[in-house]
Amino acid sequence: LRLEYELIRQGVGKKIVEQVIAAEKWPSLVEALDAKIEDLNVKLPFSRRDASRLSRSLVRLGYEEEAIREELEKLL
């Protein structure tokens, strides 16, 4: 949703944005979380500070905060 909003805000047509987003296979939240854990070199179990870093990274990628929080709580 964030990507869609930003593209439309930048002047890209809504139909084009919808087509592009629908055509892409986006990684699931779990896949993105695993990739971020590896990218940020976070070791399990991780601290609240690391959880915050991961959360901010995933929010910037456009994932919903509540869904991120739920996934992170499973790992804490």
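Keep in mind the model is a prediction, meaning the values are calculated, not measured.
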Residues at least two apart in sequence or cross-chain that pass side-chain contact (heavy atoms from CB on, under 4.5 Å) with Ala35, listed by chain then number, are none
Hey, are the side chains of Leu29 and Glu70 touching, using non-hydrogen atoms and a 4.5 Å cut-off? no
Glu38: side-chain contact (heavy atoms from CB on, under 4.5 Å) partners, not counting sequence neighbours: none
Membership question, hydrophobic clusters at under 4.5 Å side-chain separation (ILVMFWY): are Leu33 and Leu40 in the same one? yes
Side-chain polar contacts of residues 50-58 - donor-acceptor pairs under 3.5 angstrom, sequence neighbours left out - could you list them?
residue, atom, partner, partner atom, Å
Asp50, OD1, Arg53, NH1, 3.2
Ser52, OG, Arg48, O, 3.2
Ser57, OG, Arg53, O, 3.0

Could you please spell out the steps behind the side-chain contact (heavy atoms from CB on, under 4.5 Å) verdict for Val42 and Lys36? CA-CA 8 Å; Val42 174; Lys36 273 298 173 189; over 6 Å; no
Residues at least two apart in sequence or cross-chain that pass side-chain hydrogen bond (donor to acceptor under 3.5 Å, both in side chains) with Glu66, listed by chain then number, are Arg69
Given the rule that I, L, V, M, F, W and Y join up when any side-chain heavy atoms are under 4.5 Å apart, are Leu61 and Leu75 in one cluster? yes
In a table with atom names and distances, give each donor-acceptor pair under 3.5 Å that connects a side chain of residues 8-20 to protein atoms at least two apart or in another chain.
residue, atom, partner, partner atom, Å
Arg9, NE, Glu6, OE1, 3.3
Arg9, NH2, Glu6, OE1, 3.0

Hydrophobic clusters here meaning ILVMFWY residues chained together by side-chain heavy-atom distances under 4.5 Å, can you tell me if Leu7 and Trp26 are in one? yes
Between Ala32 and Tyr63 the two heavy atoms that sit nearest each other are CB-OH, 3.5 Å
Listed by chain and number, what are the side-chain hydrogen bond (donor to acceptor under 3.5 Å, both in side chains) partners of Lys74, not counting sequence neighbours? Glu71
